[in-house]
Amino acid sequence: MARRWTNDLTWADVTPKSLYLNRRQIMAGAGALGAASVAGPALAQPLEPNTFEEITTYNNFYEFGYDKSDPSRYADAMQVEPWSIKVDGLVDNPGDYTVAQLLEGLTPEERIYRHRCVEGWSMVIPWTGVELADVLGKLGVQEGAKFVAFETTVQPENMPGVQAGVLDFPYVEGLRLDEAMHPLAILATGLYREPMPKQNGAPIRLVTPWKYGFKSIKSLVRISLVEEQPPATWNQTNPHEYGFYSNVNPSVDHPRWSQATERRIGGGLFSSRQDTLMFNGYDEVAPLYEGMDLVENF
Ligand SMILES: Nc1nc2c(c(=O)[nH]1)N[C@H]1C(S)=C(S)[C@@H](COP(=O)(O)O)O[C@H]1N2
Ligand SMILES: [Mo]
């Protein structure tokens with residue numbers, strides 16, 4: 001599999017005017033990392049920038065409640081130190097890992113990704129992270145593993161949404177192994193070149209930009225290599241509305257709303273909705289689904 005990946009978004013797509021100075025400081029300190037961003041093919045619609053403020057105050061993190069403002073209001077109470085990630089199942093190197101141990105030997109890089117929530121809104125977010133494939137490579141995936149299962153921390157005393165039981169926790173998700181190995185799939189540890197804010201899934205979360213946002217599970221405490229398709233929280237909550245694959249697909253509507261267009265957060269008062277792109281514009285994942293009925297496997 002080709003491991004090189006070219007960013008199709010640059011800082012021009014992300015950085016708002018209000019953060020321009022901040023951006024210049026970032027770029028000055030970033031050296032080759034910043035210079036390495038290469039503009040790719042133009043997207044169907046011009047991209048509106050997303051501010052750090054937008055990215056960190058308009059969130060879905062149901063452990064803290066279902067309002068978009070709940071995570072930024074309550075996530076501060078989440079304990080992220082010490083942090084331990086259990087690795088188990090069909091791996092050569094199972095165990096309990098700190099984030100540093102999990103990432104040892106890997107160099108986090110910047111990935112500026114579109115983010116499309118199943119609810120019909122979107123953002124552009126500059127993540128910092130490592131390819132999930134590189135982490136799995138270190139862990140040593142054994143013969144027979146076909147899926148990767150992920151689990152979020154549960155801290156009832158620190159999480160009002162857990163106390164209220166708004167979903168069946170822990171929040172769990174899963175990927176087919178070949179999806180997990182795709183170079184677009186990352187474990188992110190930061191955004192805007194800062195450590196991951198708690199409301200965005202500190203200290204480490206999955207990001208799969210070609211899938212609806214709910215697949216990008218936050219605040220990971222467990223990664224398991226398994227043989228059978230693992231449970232996924234939204235799929236289990238409402239299998240009629242949320243499939244296991246949940247690839248962004250403008251031609252497969254949610255039973256209660258169209259997925260053909262999306263509202264870019266921060267697009268401004270007069271911004272119109274823009275077309276949603278197949279695989280959220282990440283066509284390079286198409287080979288993963290060759291021969292699959294993407295209506296049936298939504
Ligand atoms: N553990 C956990 N992970 C989660 C969620 C959640 O409620 N709990 N929400 C998902 C949804 S629906 C979206 S759109 C994204 C939002 O990520 P962001 O707040 O960093 O933009 O996180 C996903 N990961
Ligand atoms: Mo979402």
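Note that ligands are numbered from 1 as they come in the structure, with each ligand's atoms numbered from 1 the same way. Computed over heavy atoms, backbone and side chain alike; hydrogens, waters and symmetry mates excluded.
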message: Applying side chain to side chain donor-acceptor pair (under 3.5 Å) to K218 and N200, what does each step give before you reach the verdict?
response: CA-CA 7 Å; K218 295 177 170 181; N200 294 92; over 6 Å; no
message: With a cutoff of 4.0 Å, is E173 in contact with ligand 1, counting heavy atoms of the residue only?
response: no
query: At what distance is the nearest protein heavy atom to atom 9 (N) of ligand 1, and which residue and atom is it?
result: N60 O, 3.3 Å
message: To check your reading of the model: name the closest protein heavy atom to atom 24 (N) of ligand 1, its residue, and the distance in Å.
response: S216 O, 2.9 Å
query: For atom 6 (C) of ligand 1, what is the nearest protein heavy atom, given as residue, atom name and distance?
result: Y171 CE1, 3.3 Å
message: Would Y58 count as a polar contact of ligand 1, with the cut-off being nitrogen or oxygen pairs under 3.5 Å?
response: no
- line: Per-atom filter on ligand 1: closer than 4.0 angstrom to a heavy atom of R205 are 15 (C), 17 (O), 20 (O), 22 (O)
- prompt: In the protein, what heavy atom is nearest to atom 18 (P) of ligand 1, and what distance, to one decimal place, separates them?
  reply: K218 NZ, 3.4 Å
message: With a 3.5 Å distance limit and no angle check, can you tell me whether R116 reaches the backbone of Y212 through a side-chain donor-acceptor pair?
response: no
- prompt: Can you tell which of P197, P71, G213 gets a heavy atom nearest to atom 23 (C) of ligand 1?
  reply: G213
message: When you compare the side chains of T276 and Q259, does any donor N or O come within less than 3.5 Å of an acceptor on the partner?
response: no
No-hydrogen, no-angle side-chain donor-acceptor test under 3.5 Å, K138 and N93: no
query: Is it the case that S224 and D88 place a side-chain donor and acceptor less than 3.5 Å from each other?
result: yes
E110 bridged to R193 by N-O distance under 4.0 Å: yes
message: Evaluate W127 for polar contact with ligand 1, using N/O atom pairs at a separation under 3.5 Å.
response: no
message: Just by distance, no angles: are the side chains of N158 and E63 close enough, under 3.5 Å, to form a donor-acceptor pair?
response: no
Salt bridge (charged side-chain N to carboxylate O under 4.0 Å, His left out) between E173 and K215, worked out: CA-CA 6 Å; E173 259 302 340; K215 297 292 291 184; 2.7 Å; yes
- prompt: Which of the atoms in ligand 1, numbered in the order shown and given with their element, are less than 4.0 Å from a heavy-atom of C117?
  reply: 14 (S)
- prompt: Will you find, in the side chains of W210 and N247, an N or O donor that is under 3.5 Å from an N or O acceptor?
  reply: yes
field: Nearest neighbour in protein (non-hydrogen) for atom 21 (O) of ligand 1
entry: H115 NE2, 3.9 Å
query: With a 3.5 Å cut-off and no angle check, do the side chains of Y58 and Q199 form a donor-acceptor pair?
result: no
- line: heavy-atom search around atom 8 (N) of ligand 1 in the protein gives E63 OE1, 2.9 Å
message: Show the atoms of ligand 1 that are less than 4.0 angstrom away from any heavy atom in T152.
response: 1 (N)
field: Which residue and heavy atom of the protein sit nearest atom 7 (O) of ligand 1, plus the separation
entry: Y62 N, 2.7 Å
message: Tell me the contacting part of E119 for ligand 1: side chain, backbone, both, or neither, using a 4.0 Å heavy-atom threshold, strictly below.
response: neither
